[in-house]
Amino acid sequence: YEVHATIGPTLFFGELGGANKPGSHVLGDIDLRSTRYNIAVGARYKIREKFAIKLNLIYGRIHGSDAYTDYLPRRIRNASFYSPFFEHSLVAEYSILKERLGVRYTLQNLRRFKLRYVNTYVFAGFGGIYFNPHTTNKDYHTNKNKPFRKFNLVIPIGFGFRYGFNRRTTLGIEFGQRYTSTDYLDGFSDIHSKARDSYATIMVIFTYKLKTARSGLPKF
């Protein structure tokens with residue numbers, strides 16, 4: 001059993017803001033000025049040597065603004081938004097390179113660091129997201145302007161790396177793309193939009209392994 005805490009940036013992919021080109025839902029549409037933050041806590045249970053499940057409780061903010069792009073069709077729309085969000089999700093992890101923990105990998109022996117000692121994993125799961133967008137110029141003529149639900153499905157997928165400094169603590173970094181079931185994370189849905197909104201999180205993760213009692217349950 002493990003508990004973890006994370007912090008990092010959040011990237012938004014939707015109608016508003018983006019790069020100097022037509023919108024897309026991939027990393028090429030990043031606008032760094034619209035980057036906001038996320039923080040999270042959670043728990044992880046290792047089922048087998050290479051398989052684990054993880055619960056995430058994430059709070060963060062997303063933002064986008066047409067004022068940041070030089071792409072004319074976006075810029076003349078002149079809309080922007082910000083929104084807090086709360087995500088709870090359950091993901092399954094598969095380790096490509098398994099965890100290697102022990103005294104010989106402590107900070108005192110960091111000179112022995114090798115890539116094969118880094119736990120490399122991929123993950124996928126499902127969950128829910130609550131958001132509450134605050135949008136300017138939302139009556140722009142291409143806006144569908146339909147009612148929308150503020151709680152929707154989210155599908156996180158991604159990969160991560162984790163390094164164990166000793167038998168209890170690890171430090172890692174994780175990238176996760178979050179696909180949603182709504183086109184209104186930004187409170188705006190363009191009639192030309194062909195994809196639902198998504199967002200990405202980059203997390204620096206500190207993990208602590210709990211002691212286990214003879215019953216197999218964690219000791220707090």
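Under the 6.0 Å cut-off for aromatic ring centres, Phe131 and Phe85 do not qualify, their centroids lying 6.0 Å or more apart. If you look at Phe12 and Phe81, their ring centroids are closer than 6.0 Å.
No side-chain heavy atom of Tyr184 sits less than 4.5 Å from a side-chain heavy atom of Asn152. With contacts defined as side-chain heavy-atom distances shorter than 4.5 Å, the pair Ile39/Thr6 does not qualify.
Classification of the Phe161-Phe159 ring pair by plane angle, with boundaries at 30° and 60°, yields perpendicular. Ring geometry, Tyr45 versus Tyr1: the interplanar angle falls from 30° to 60°, so the pair is classed tilted.
Closest of all the heavy-atom pairs between Pro133 and Asp186 is CB-C, 3.8 Å. Between Gly164 and Thr170 the shortest heavy-atom distance is CA-CG2, 3.6 Å. Considering all non-hydrogen atoms of both residues, Arg178 and Pro156 come closest at NE-CB, 3.7 Å.
The CZ atom of Arg44 lies 4.5 Å from the CD atom of Glu2; values are rounded to the nearest 0.5 Å. To the nearest 0.5 Å, atoms OG1 (Thr135) and CG (Leu16) are separated by 6.5 Å. Rounding to the nearest 0.5 Å gives a distance of 13.0 Å between CD1 of Ile7 and OG1 of Thr201. In this structure, OG on Ser80 lies 11.0 Å from CZ on Phe188, to the nearest 0.5 angstrom. Remark: Lys46 NZ to Glu93 CD distance equals 10.0 Å, nearest 0.5 Å. Atom CZ of residue Arg162 and atom CD1 of residue Ile205 lie 7.0 Å apart, to the nearest 0.5 angstrom.
Under the rule for a ring-ring contact (aromatic ring centres under 6.0 Å, His included), the partners of Tyr82 that lie at least two apart in sequence or sit in another chain are His134.
With 3.5 Å as the limit, one finds no donor-acceptor pair spanning the side chains of Thr180 and Asp197. With 3.5 Å as the limit, one finds a donor-acceptor pair spanning the side chains of Glu87 and Tyr199. Between the side chains of Ser198 and Gln177, a donor-acceptor pair is found at a separation under 3.5 Å. Side-chain contact check for Asn119 and Ser95: at least one donor-acceptor pair (N or O, by modelled atom type) lies under 3.5 Å. Residues Arg196 and Ser181 bring no donor and acceptor atom of their side chains to less than 3.5 Å of each other. Donor-acceptor pairing under 3.5 Å is recorded for the side chains of Asn56 and His4.
The cluster map of Ile, Leu, Val, Met, Phe, Trp and Tyr, joined by side-chain heavy atoms under 4.5 Å apart, puts Phe148 and Ile129 in the same cluster. Under the 4.5 Å side-chain contact rule for hydrophobic residues, Phe13 and Tyr37 do not share a cluster. Hydrophobic clustering (ILVMFWY, side-chain heavy atoms < 4.5 Å, transitive): Leu55 and Ile155 are in distinct clusters. The hydrophobic clustering, which links ILVMFWY residues whose side-chain heavy atoms are closer than 4.5 Å, places Val122 and Val118 together. If you chain together hydrophobic residues whose side chains sit under 4.5 Å apart, Ile53 and Tyr208 fall into the same group.
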Inset, instruction - Step by step, work out the side-chain contact (heavy atoms from CB on, under 4.5 Å) result for His63 and Arg33. - result: CA-CA 9 Å; His63 172 66; Arg33 286 174 290 184; over 6 Å; no
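When the shell of 6.0 Å around OH of Tyr59 is examined, it contains more than 12 heavy atoms from other residues, nucleotides or ligands.
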